[in-house]
Amino acid sequence: MSRQWTGFTTALRFTLTAHVRNRLALVLAVTFIPLWVHLVRVCAYDAVLHFQVHAAGGEIAASNNRATQVNSALNAVTVIVGFMMFMEAFQSGPLDRRLVLAGYPRRHLMAGKVVALVAIAAVLAVYTALLLRLSFPLEQFWQLALAVFTANLAYGGIGVMLGPLLRGELEGFFLIIMTSLVDAALQNPGMNPLADQPGLRFLPMYAPSQLAYTSAFTPVWAGSYAAGGLVWFALCTTAGLLFFSLRTRSYRRPGARGRGFALPGQRRAGRTTEERARPGAEV
Amino acid sequence: MRASEGEPRLVLSGVAKSYGRRRVLNGVDLTVRAGSLVGVVGENGAGKSTLLRVMVGELTPDGGEVRRGGEVGYCPQETVLNPLLTIAQHLELFRVAYRLPDAARARELLAEFGCADRLDQRAGTLSGGTRQKLNLVLALMHDPPLLVLDEPYQGFDWDTHQRFWRLARALRDRGQSVVVVSHLVHDLGHFDAVHHLRDGVLREGVPAA
């Protein structure tokens, strides 16, 4: 197995392990999303609502209760995914910095985080779509799962970005919760039935919400709206990678002010001391 | 081999570092040779940890030059572990980082510190002393030519503290260079050379109280 592959798979394995051992996030995922959907189902006003869904090509009519269930499910799952990714990136930050200093390539650690995010986003998307499916008949199950998946990616990306950027856990929780809350409220058709404000489409949950309402209530294929969430995911994870690179140091880094010099050769672990001393040497 | 005769493993020349307007290191010079056990002492807040972080490359100095002769093993003052991962998983991560074929040396060191039977225990459930042992083992497991240890025995009981010094001497005798930050008076006798950091400058010897 190549060193690159070992570096990536080890990072991925332990990132996933850390996520699975984050009991609070797991309990939230298992109980909070169904609880929120159920509460909305029981408590939200139930009447036919006419609202604009650009992804579906115009106005659609659907139950306000069901539309709010979709909106609330998106809100709940994105808070959880954002929280999970932020916590992992935040908690593992000091160890990641030490690992990079010891020679672990940054790109492998970041790739592990990003692939773990994609896997968790997919599992929670199917789970959330299933919960909605249990609550009311959906027009397009898999397209709805795709919508939730892209929303999860967008907010997971925000978590990955905030992890190495912020100094305190509380700041991260607050930012993720408030962003998702405000975003979801603005995408709620009961609150904003025209959804035609110029800034709305630039919010992370706009495209996933459009895709979700289209999938839940119409047979229209609107897969291109998945791109909106993917753009947020790409931007945020790239920013996360940048912050991660800025906050980590490696004494192997080429051009670092500290320099190495050769020592008498001494072969160990397959490399001479000179090889281990070479500045800029990468796995 | 006498400490003054070994190859240079770490050379600091005129290293300066400031945090904002506060000058922490003000032209630090130091040469650490192969087969030497070097102590760095100083009052709280004197900049010892900053100096060590500059030595290992975690911090970039504002001025001066740091030259390292090979790979470094760095044990930070605070235990840097992931509470959700086990001891064995930490060893595996650092095995990959150091590009080692196996973690045999790490297991040997853990056995030496009496915690070889806790491989499957998560770091978050370990006692402070055991966490510190793991913190230290992660710095030593690749047998680097230069070891930089920032108060590596915090939380150790007396027996483990003594074992640490036996190990440090054994590493020194094998030709490795060991730099240790200490603030304990009774540790000073273990060093081949002691340097005192005050007002951002490193001076050899211990100042009178």
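So that the names make sense, note that chain A is the first sequence line, chain B the second, and so on, each numbered from 1.
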Rounded distance [0.5 Å steps], [atom1] in [X] versus [atom2] in [Y]:
{"X": "A:Leu101", "Y": "B:Tyr74", "atom1": "CG", "atom2": "OH", "result": "8.0 Å"}
{"X": "B:Leu93", "Y": "A:Leu109", "atom1": "CG", "atom2": "CG", "result": "7.5 Å"}
{"X": "B:Phe94", "Y": "A:Tyr104", "atom1": "CZ", "atom2": "OH", "result": "10.5 Å"}

[atom1]/[X]: more than 12 non-hydrogen atoms of other groups inside 6.0 Å:
{"X": "A:Arg23", "atom1": "CZ", "result": "no"}
{"X": "A:Glu171", "atom1": "CD", "result": "yes"}
{"X": "A:Leu246", "atom1": "CG", "result": "yes"}
{"X": "A:Phe174", "atom1": "CZ", "result": "no"}
{"X": "B:His161", "atom1": "NE2", "result": "yes"}
{"X": "B:Glu78", "atom1": "CD", "result": "no"}

Do you know which of A:Glu88, A:Gln91, A:Met87 makes side chain to side chain contact (heavy atoms under 4.5 Å, CB included) with B:Leu84?
->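 Exactly one candidate clears the test, A:Gln91.
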Between B:Pro76 and A:Arg98, which heavy-atom pair has the shortest distance, and what is it?
->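 The answer is CD-CZ, 3.5 Å.
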Of the non-hydrogen atoms in B:Arg95 and A:Thr6, which two are nearest, and what is the gap between them?
->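 Looking at all heavy atoms of both residues, the shortest contact is NH2-CG2, 4.1 Å.
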Show me the donor-acceptor pairs, under 3.5 Å and distance only, between side chains in residues 23-30 of chain B and residues at least two apart or in other chains.
{"from": "B:Arg23", "atom 1": "NE", "to": "B:Asn26", "atom 2": "OD1", "distance (Å)": "3.3"}
{"from": "B:Asp29", "atom 1": "OD1", "to": "B:Gly14", "atom 2": "N", "distance (Å)": "2.6"}

Any luck finding a side-chain donor-acceptor pair between A:Arg21 and B:Asn82 under 3.5 Å?
->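 Side chains of A:Arg21 and B:Asn82: no pair found under 3.5 Å.
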Contact class of [X] relative to chain A, heavy atoms under 4.5 angstrom:
{"X": "B:Leu12", "answer": "neither"}
{"X": "B:Arg53", "answer": "neither"}
{"X": "B:Thr79", "answer": "neither"}

